[in-house]
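All remarks here apply to the structure that follows.
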Amino acid sequence: MALPQTIPFLGWSWDDLIFLVLAGLMLGGAVMVVIGRNIIRSGLFMILSFAALAGFYVLLGAPIVAAAQVLIYIGAISVLILFAIMLTQSKAGPSRLVFHHQAWAGAIAAIGLASLLVLVVLSTDWPAQVGQGTAAGTTAVAQLLFSEYVLAFEVVSVLLLAAVIGGVFLAKREESLDPGERAGDEPTLGRNQSPPVQADGRPSASTPRQVSGSARSTTAISERP
Amino acid sequence: MTQSLDAYLILASLLFTIGTFGFLARRNAIAMLMSIELMLNAVNLAIVAFGAYVPTLAEDGALIALFVMAVAAAEATVGLAIIIAIYRNRRTPLVDEYASMRE
């Protein structure tokens, strides 16, 4: 049984209904990401927003981009961010202030940017869609990727390799290194000797105790006057 | 008719603006990173919309969106590694307490 061409009682086409539902899901999810108090919930709403965006890619006739969105954003980046959230959760985290004190300035800037962008979009004559044959076929995309964009493809692969190595290096916990050996080094993030932590969980970076904690180190932190 | 290039571009603008506000206003470093991801997704939506509505750009739009996704994945990896490394030293994910580089 085929669906009717338009939605009964409303007269909209199905595409319009799907567009509106996806738009509501995406913008609502994005707003919840930004204003949510609980950061884990923010991460989950981000997944919702990304999924709605994958639906938009299907509507726009780019199925390969939709598949990549599901694989990369929902499958990889969101999980990575959720792991990082769980690694950096502190007990005092969710109950404290969510926004900066100057958040109103950010809100004004965002509203100004939104009105400017909408004004630009509405006042420009964009080209109208020509025909229906504009879907990005996967075969054509693959042929273009390995002919005209092959240099960019290689550069992206090198970039991903560099990102993997950099991520492993930055997040690595250097237990075996004696912190005294690294004292002459530049102040990398690998110094695993964390500064002494006060009772309320805040680091005591600005106290002189820091100097005794990472002894002999000539880093910028301990050189403060 | 809701579906036109205008509608998609306005949608992308709103998503980008929400991401901008989140980046400027949130205190948590990971929330700022999530806002950056929202902004990158907004740009991707605009690129794919242009690709769908300008017939000569259909495949190029999809490809550029895929490249943006790869760069976003690299950026998320390195950004989260930096945040975890800083968290290990400072025991807080809140950016306004990372004040030791200020003076």
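Chain A is the first sequence line, chain B the second, and so forth, proteins listed ahead of strands; every chain is numbered from 1.
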Output the distance between atom [atom1] ([X]) and atom [atom2] ([Y]), rounded to the nearest 0.5 Å.
X: B:L14; Y: A:L113; atom1: CG; atom2: CG; result: 10.0 Å
X: B:R27; Y: A:H101; atom1: CZ; atom2: NE2; result: 6.5 Å
X: A:L80; Y: B:I30; atom1: CG; atom2: CD1; result: 9.5 Å
X: B:M34; Y: A:I39; atom1: CE; atom2: CD1; result: 4.0 Å

Out of [options], which one racks up the most heavy-atom pairs below 4.5 Å with chain B?
options: A:V155, A:L87, A:L116; value: A:L87
options: A:L117, A:V164, A:V168, A:I72; value: A:L117
options: A:L160, A:V33, A:L145; value: A:L145
options: A:Y57, A:F50, A:F153; value: A:Y57

Using non-hydrogen atoms only, which part of [X] is less than 4.5 Å away from chain B: side chain, backbone, both, or neither?
X: A:L53; value: side chain
X: A:V65; value: both
X: A:S49; value: side chain
X: A:A107; value: both
X: A:Q143; value: neither

Angle class for the B:Y8/A:F56 ring planes (parallel below 30°, perpendicular above 60°, tilted otherwise)?
perpendicular
For a quick test of reading the model, state the closest non-hydrogen atom pair linking [X] to [Y] and the distance between them.
X: A:V34; Y: B:G22; result: CG1-CA, 3.6 Å
X: B:T77; Y: A:A163; result: CG2-O, 4.0 Å
X: A:A30; Y: B:I18; result: O-CG2, 3.6 Å
X: B:L11; Y: A:F19; result: CD2-CZ, 4.1 Å
X: B:A85; Y: A:L170; result: CB-O, 3.5 Å
X: A:F99; Y: B:R26; result: CE2-CD, 3.5 Å

Engaged part of [X] at the chain A interface, taking heavy atoms whose separation is under 4.5 Å:
X: B:V95; answer: side chain
X: B:A65; answer: side chain
X: B:A72; answer: both

Working note: B:F21 + A:I111, criterion side chain to side chain contact (heavy atoms under 4.5 Å, CB included); need CA distance, chi angles, decisive distance, verdict.
CA-CA 9 Å; B:F21 172 70; A:I111 290 172; over 6 Å; no
Any side-chain heavy-atom pair from B:N41 and A:M26 closer than 4.5 angstrom?
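No, side chains not in contact.
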Evaluate side chain to side chain contact (heavy atoms under 4.5 Å, CB included) for B:L63 paired with A:E148, printing each intermediate quantity in order.
CA-CA 11 Å; B:L63 261 181; A:E148 197 173 326; over 6 Å; no
Heavy atoms from other residues, nucleotides or ligands near CZ of B:F23 exceed 12 (cutoff 6.0 Å)
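Counting other residues, nucleotides and ligands, CZ of B:F23 stays at 12 neighbours or fewer.
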After noting the C-alpha distance and the side-chain angles of B:M69 and A:I77, does the key distance pass the side chain to side chain contact (heavy atoms under 4.5 Å, CB included) rule?
CA-CA 10 Å; B:M69 279 184 198; A:I77 294 181; over 6 Å; no
Who wins among B:L9, B:L33, B:N28 for the most heavy-atom pairs under 4.5 Å with chain A?
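Highest number of heavy-atom pairs under 4.5 Å: B:L9.
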Relative to chain A, which of B:I84, B:L80, B:V78, B:T20 shows the most heavy atom pairs under 4.5 Å?
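Max contact count across the listed options: B:L80.
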Going by the side chain to side chain contact (heavy atoms under 4.5 Å, CB included) test, name the single residue among A:T124, A:V118, A:L122 that passes it with B:D6.
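Only match with B:D6 under side chain to side chain contact (heavy atoms under 4.5 Å, CB included): A:L122.
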